[in-house]
Amino acid sequence: MANDNLARKIDDDVYARLDAAIDATVKVNADRNDRESRFPRENLRALAEAGWTGVLNEPQFGGLGLSHLDFAEAAYRIGQADASTGLIYVMHVGAAQTINLFGNTDQKERWLKASNGSLLGTYSTSERATGGHWWYNLSEASRDGDDYRVNAEKSFTTSSGQADYYVVQTRTPGAKDQADIIFFIVDGKAEGIESRPWDALGVRANHSGAIRYSNVHVPQRDRLGAEGQGKEIIYDGVSPVYLMGLGAVWEGVARGALNAAIAHTTSFEHKDRNKSLSDYQAIRQELGAAKVLVETLRPWRNELAGKLDALWRAGKPQSEILIPLTEFKVHAAEVANKVAATALTVTGGYGYHRGPIERAYRDARAAIAMGPSNVIARDWIGKAMVGLPLELFYEGGE
């Protein structure tokens with residue numbers, strides 16, 4: 001019993017640090033960062049100081065050694081305050097977890113533990129030529145003795161120009177076909193990296209801009225996994241934690257918009273009728289419908305995160321639940337859009353002004369398009385339902 005109490009105390013303390021970082025920093029900076037399209041460096045520093053950027057990393061590599069349940073809960077809580085910071089957080093934890101799963105001790109020491117765990121990582125995968133099929137690359141690395149050179153045009157890279165390292169995928173040098181993929185950890189300070197400005201409708205602070213790698217040197221020690229192992233890394237390393245995190249952030253956006261709508265409708269009063277907005281049945285029904293949607297997400301999130309943890313512990317491929325994770329992402333994205341729209345409706349002109357509700361409405365639109373887009377993802381789900389294989393690289397796929 002004493003050990004159980006100690007574990008509970010540790011859990012309480014670590015979550016208290018997370019909430020303090022969100023309340024004191026993430027929430028405070030959200031509107032300014034959105035207006036100025038300003039990268040939320042202070043927010044990430046606060047999360048790192050609280051230990052949460054290393055949520056899945058082992059303690060020996062400076063992490064908290066927690067679970068996917070904890071990661072998803074953190075993404076949800078951050079998403080309530082700021083979608084941009086939430087997405088940056090998800091991409092960082094995803095990049096780190098890909099190193100946890102496929103990297104070696106040297107890579108974990110240099111990229112995860114270095115600088116007291118404060119290095120910011122991200123994925124750099126999608127290419128303009130293949131659009132929402134982010135897993136399919138036309139770029140191909142070349143050899144430089146035992147090392148490599150990367151030349152690639154990436155279309156959307158969260159934290160572009162801001163990250164300390166990028167988890168980059170291209171085709172293997174001399175690739176046999178499009179599924180012969182290689183991954184690298186690329187130093188964000190390497191010569192030949194050029195990022196472009198980010199100016200978008202929503203998630204304006206996440207700097208998810210284009211990035212060019214021009215003859216970038218990558219030492220052999222920063223190849224992630226083996227040559228040609230990239231397809232496995234996409235299915236079992238990149239995708240599961242990414243989809244889990246995306247869904248959790250959009251759940252947080254939905255909850256944050258709903259809470260903001262409740263706060264306004266209960267506090268704003270029509271003086272001519274001496275009624276608050278929440279005294280109107282029509283308003284309450286809209287809020288009720290939104291709450292029902294939001295409440296569908298937490299149990300599903302926890303169930304999927306628990307399954308990811310079980311697969312991780314057992315050393316099994318996490319892609320075993322790729323379709324359920326995709327379903328969760330689709331539903332969370334649609335819930336965020338519906339709830340943000342409801343919040344805008346019930347708060348009227350107030351919600352339409354720049355602020356948390358208007359920002360949530362714009363941010364949520366990104367959820368539909370982020371790869372796999374909901375349109376593509378629903379086809380994946382449909383294929384699974386009718387017994388067709390999910391083939392992403394060869395004819396008969398997307």
Side-chain angles (χ1 to χ4, degrees), residues 68 71-73 75-76 78-80 83 86-87 89-91 93-94 123 125-126 130-136 156 158 201-203 206 208 234-236 238-258 289-308 311 318-343 360-392 397-398:
H68 286 88
F71 158 60
E73 179 66 21
Y76 163 72
I78 297 166
Q80 286 188 60
L87 293 177
Y89 179 74
V90 166
M91 303 305 174
V93 174
Y123 294 130
T125 56
S126 61
T130 53
H133 297 172
W134 61 264
W135 53 90
Y136 194 112
F156 292 99
T158 297
L201 173 70
V203 290
N206 80 342
S208 190
I234 289 171
Y235 279 111
D236 297 322
V238 172
S239 299
V241 67
Y242 165 74
L243 291 168
M244 181 81 265
L246 283 190
V249 168
W250 299 124
E251 179 192 352
V253 170
R255 179 73 70 179
L258 179 59
K291 186 175 189 295
V292 168
L293 286 174
V294 175
E295 295 297 340
T296 63
L297 292 169
R298 178 181 288 275
W300 198 1
R301 162 166 55 94
N302 287 340
E303 177 188 358
L304 289 172
K307 287 181 177 179
L308 279 181
L311 290 169
Q318 296 189 350
S319 57
E320 285 187 16
I321 60 168
L322 183 63
I323 293 300
L325 286 167
T326 303
E327 293 169 353
F328 177 64
K329 180 269 178 184
V330 168
H331 185 53
E334 292 176 351
V335 167
N337 276 270
K338 289 175 182 177
V339 172
T342 295
Y361 184 78
R362 287 185 289 105
D363 287 346
R365 292 305 306 165
I368 301 297
M370 291 188 73
S373 72
N374 279 23
V375 174
I376 290 173
R378 283 194 292 267
D379 188 45
W380 290 8
I381 296 162
K383 284 185 173 184
M385 291 172 65
V386 300
L388 292 175
L390 177 63
E391 178 47 71
L392 302 182
E398 305 312 311

Item to complete: May I have all residue pairs that pass side chain to side chain donor-acceptor pair (under 3.5 Å) and include part of residues 241-252, sequence neighbours excluded?
Response: Glu251-Arg301

Any [X] side-chain heavy atom under 4.5 Å of [Y] side chain:
{"X": "Trp300", "Y": "His331", "value": "yes"}
{"X": "His133", "Y": "Leu392", "value": "no"}
{"X": "Asn302", "Y": "Arg298", "value": "yes"}
{"X": "Thr130", "Y": "Trp135", "value": "no"}
{"X": "Phe71", "Y": "Tyr89", "value": "yes"}
{"X": "Thr342", "Y": "Leu293", "value": "no"}
{"X": "Leu322", "Y": "Ser239", "value": "yes"}
{"X": "Leu246", "Y": "Val249", "value": "no"}

Identify the two heavy atoms, one from [X] and one from [Y], that lie closest to each other, and give their separation to 0.1 Å.
{"X": "Ala254", "Y": "Val335", "result": "CB-CG1, 4.0 Å"}
{"X": "Tyr123", "Y": "Val241", "result": "OH-CG1, 3.4 Å"}
{"X": "Thr158", "Y": "Asn206", "result": "CG2-O, 3.7 Å"}
{"X": "Ala290", "Y": "Val339", "result": "O-CG2, 3.8 Å"}
{"X": "Val330", "Y": "Asn374", "result": "O-ND2, 3.3 Å"}
{"X": "Gly247", "Y": "Ala332", "result": "O-CB, 3.4 Å"}

Can a donor-acceptor pair be found, under 3.5 Å and without considering hydrogens, that links the side chain of [X] to the backbone of [Y]?
{"X": "Asp236", "Y": "Ser319", "answer": "yes"}
{"X": "Asp363", "Y": "Val203", "answer": "yes"}
{"X": "Ser208", "Y": "Phe156", "answer": "no"}

Would you compute the distance between atom [atom1] of [X] and atom [atom2] of [Y] and round it to the nearest 0.5 angstrom?
{"X": "Leu390", "Y": "Lys383", "atom1": "CG", "atom2": "NZ", "result": "6.5 Å"}
{"X": "Lys329", "Y": "Leu325", "atom1": "NZ", "atom2": "CG", "result": "12.5 Å"}
{"X": "Leu308", "Y": "Glu303", "atom1": "CG", "atom2": "CD", "result": "11.0 Å"}
{"X": "Ile321", "Y": "Thr326", "atom1": "CD1", "atom2": "OG1", "result": "10.0 Å"}

Discussion item. Can you see whether Tyr76 has Arg255 sitting over its ring - NZ or CZ less than 6.0 Å from the centre and within 45° of the normal?
Written reply: no

Item to complete: Could you please spell out the steps behind the side chain to side chain contact (heavy atoms under 4.5 Å, CB included) verdict for Gln80 and Val253?
Response: CA-CA 5 Å; Gln80 286 188 60; Val253 170; over 6 Å; no

Item to complete: Using the side chain to side chain contact (heavy atoms under 4.5 Å, CB included) rule, take Met244 and Val90 through it: C-alpha gap first, then chi angles, then the decisive distance, then the call.
Response: CA-CA 9 Å; Met244 181 81 265; Val90 166; over 6 Å; no

Item to complete: Start with the C-alpha distance between Trp134 and Ile234, add both sets of side-chain angles, then the distance that settles side chain to side chain contact (heavy atoms under 4.5 Å, CB included), and finish with yes or no.
Response: CA-CA 10 Å; Trp134 61 264; Ile234 289 171; 3.8 Å; yes

Discussion item. The test is side chain to side chain contact (heavy atoms under 4.5 Å, CB included); show your working for Leu304 and Leu243 and say whether it passes.
Written reply: CA-CA 10 Å; Leu304 289 172; Leu243 291 168; over 6 Å; no

Worksheet item: Could Arg378 and Glu334 be called an ion pair, given the rule that one side-chain N must be under 4.0 Å from one carboxylate O?
Response: yes

Could you give the side-chain donor-acceptor pairs of residues 364-372 under 3.5 Å, partners two or more places apart or in another chain?
residue	atom	partner	partner atom	Å
Arg365	NH1	Asn337	OD1	3.0

